[in-house]
Amino acid sequence: YGILMNCCCRTRRPELGLAFFGRVLRMGLRTNVVVATTVLQCLCGAKRTDEAVDILLHRMSELGCVPDDFSYNIVLKSLCDDSRSQRALDLLRMWENERGVCSPNVYTYNTVIHGFFKEGEVSKACNLFHEMAQKGVPPNVVTYSLTIDALCKARAMDKAQLFLRQMIHKGVRPNNVTYNVMIHGYCTLGQWKEAGKMFREMTRQGLIPDIVTWTSFMASLCKHGRTKEAAEFFDSMTAKGHKPDLVMYHVLLHGYATEGCFADMINLFNSMATKGTRSVSRCMDLFNSNICTLQNG
DNA sequence: ATAGGGTTAG
């Protein structure tokens, strides 16, 4: 019945899963941590976080199963998504004090750090960043990436750059996400030259820019009144058979709309039905030449 | 079974 619960949860019918779970309990069937955690996922997916907290803290032990790290992390994420990261931190503290079989792991810290950054609680996020390392949970590529992202969004590109160097120094390899947030940060500020540097560093590491790299590049062009260049980039992409996704269309459509290019909008709208491929790896040279053009112009 | 990146509308 765990599988059935999971289905209810994933098909966005949490109430079905919960009703079913209630029946299972009334029938006197035993449950275990995995199934109980699926119930937590159901509740959190239905934005019923408080009930999930209640089950986590009280009902699970009544049912004879001890919450594990997955159970906690799912509820913590839900609290953070509700912009209640401080409540999440309180729960994390309770968990630590229980001194049970498991303790907060890298997922836990990443979840709450991300929550604090999202709420603008920068110092609380930074405190946790330092705390996790002290407690023997080293920050990983996700921790660094979300921290760098927060710095970029605060327009603190120098600090973001320092964190990037620090992670490399500590042996944590940046990935696409890491470089994408850096490139996005520089492009947003119109610092095309710096963005180009990041792009080259990224490819030098053997990383292949993806649809997110291209989309944020195009969006920045549009925001700087250079929709025409974004459109050219887009056209050369599609001409090579790469299939843009919905977000990319939105970006360009919005760019056209802003500049009053309604005929182009209609054309693009009609071409959305055209087929293409998903691969974007061959866009690298395109991006490179675009960046070069921008630097020279 | 859990964590991070791109867009728009209002």
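These figures come from a predicted structure and were not determined experimentally. Side chains are part of it too, since the values below use all heavy atoms of this structure and drop only hydrogens, waters and symmetry mates. Letters A, B, ... mirror the listed sequences (proteins, then strands); counts begin at 1.
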Problem - Given His184(A), His224(A), Glu194(A), Met157(A), the one that forms side chain to side chain contact (heavy atoms under 4.5 Å, CB included) with Leu189(A) - result: Met157(A)
Touch class at under 4.0 angstrom, heavy-atom based, for [X] against every strand present:
{"X": "Lys223(A)", "answer": "sugar-phosphate"}
{"X": "Thr111(A)", "answer": "sugar-phosphate"}
{"X": "Asp81(A)", "answer": "nothing"}

Handout entry: Non-neighbouring partners of Arg59(A) that pass salt bridge (Lys or Arg N to Asp or Glu O under 4.0 Å), sequence neighbours left out
Key = Asp54(A), Glu62(A)
Take atom [atom1] of [X] and atom [atom2] of [N], then tell me their distance rounded to the nearest Å.
{"X": "His184(A)", "N": "dT7(B)", "atom1": "NE2", "atom2": "P", "answer": "4 Å"}
{"X": "Asn73(A)", "N": "dG4(B)", "atom1": "CG", "atom2": "C1'", "answer": "14 Å"}
{"X": "Met218(A)", "N": "dT8(B)", "atom1": "CE", "atom2": "P", "answer": "12 Å"}
{"X": "Leu56(A)", "N": "dA1(B)", "atom1": "CG", "atom2": "C1'", "answer": "15 Å"}
{"X": "Leu252(A)", "N": "dA9(B)", "atom1": "CG", "atom2": "P", "answer": "14 Å"}
{"X": "Ile183(A)", "N": "dT7(B)", "atom1": "CD1", "atom2": "P", "answer": "14 Å"}
{"X": "Tyr109(A)", "N": "dA3(B)", "atom1": "OH", "atom2": "P", "answer": "18 Å"}
{"X": "Met265(A)", "N": "dA9(B)", "atom1": "CE", "atom2": "P", "answer": "10 Å"}

Polar pair under 3.5 Å, donor/acceptor by atom type, side chain [X], base [N]:
{"X": "Thr215(A)", "N": "dG6(B)", "value": "yes"}
{"X": "His254(A)", "N": "dT8(B)", "value": "no"}
{"X": "Asn175(A)", "N": "dG4(B)", "value": "yes"}

Could you work out which one of [options] sits closest to the side chain of [X]?
{"X": "Leu146(A)", "options": "dG4(B), dA1(B), dT7(B)", "value": "dG4(B)"}
{"X": "Asn105(A)", "options": "dA1(B), dA3(B), dT2(B)", "value": "dT2(B)"}
{"X": "Val247(A)", "options": "dG4(B), dT8(B), dG6(B)", "value": "dG6(B)"}
{"X": "Val106(A)", "options": "dA3(B), dG6(B), dA1(B)", "value": "dA3(B)"}
{"X": "Thr37(A)", "options": "dA3(B), dA1(B), dG6(B)", "value": "dA1(B)"}

salt_bridge([X], [Y]) N-O dist < 4.0 Å:
{"X": "Asp235(A)", "Y": "Lys240(A)", "answer": "no"}
{"X": "Lys223(A)", "Y": "Glu259(A)", "answer": "no"}
{"X": "Glu201(A)", "Y": "Arg165(A)", "answer": "yes"}

Practice task
Check whether any side-chain N or O of Lys153(A) sits under 4.0 Å from OP1 or OP2 of dG4(B), and answer yes or no.
Solution key: no
Practice task
Establish, with yes or no, whether the OP1 or OP2 oxygen of dG6(B) is under 4.0 angstrom from a side-chain nitrogen or oxygen of His250(A).
Solution key: no
Practice task
Would you please indicate yes or no on a ring centroid separation below 6.0 angstrom for Tyr256(A) and Phe262(A)?
Solution key: no
Handout entry: Tyr249(A) ring center within less than 6.0 Å of Phe269(A) ring center
Key = no
Problem - Near-parallel close stack of Tyr107(A) and dA3(B) base (under 5.5 Å, under 30°) - result: no
Problem - Backbone N/O of Val33(A) and side chain of Asp68(A): donor-acceptor pair under 3.5 Å - result: no
Exercise for the section: Check each residue of residues 131-141 of chain A for a non-hydrogen atom within less than 4.0 Å of any atom in DNA chain B, then write out the ones that pass by number, or none. Expected result: Asn140(A), Val141(A)
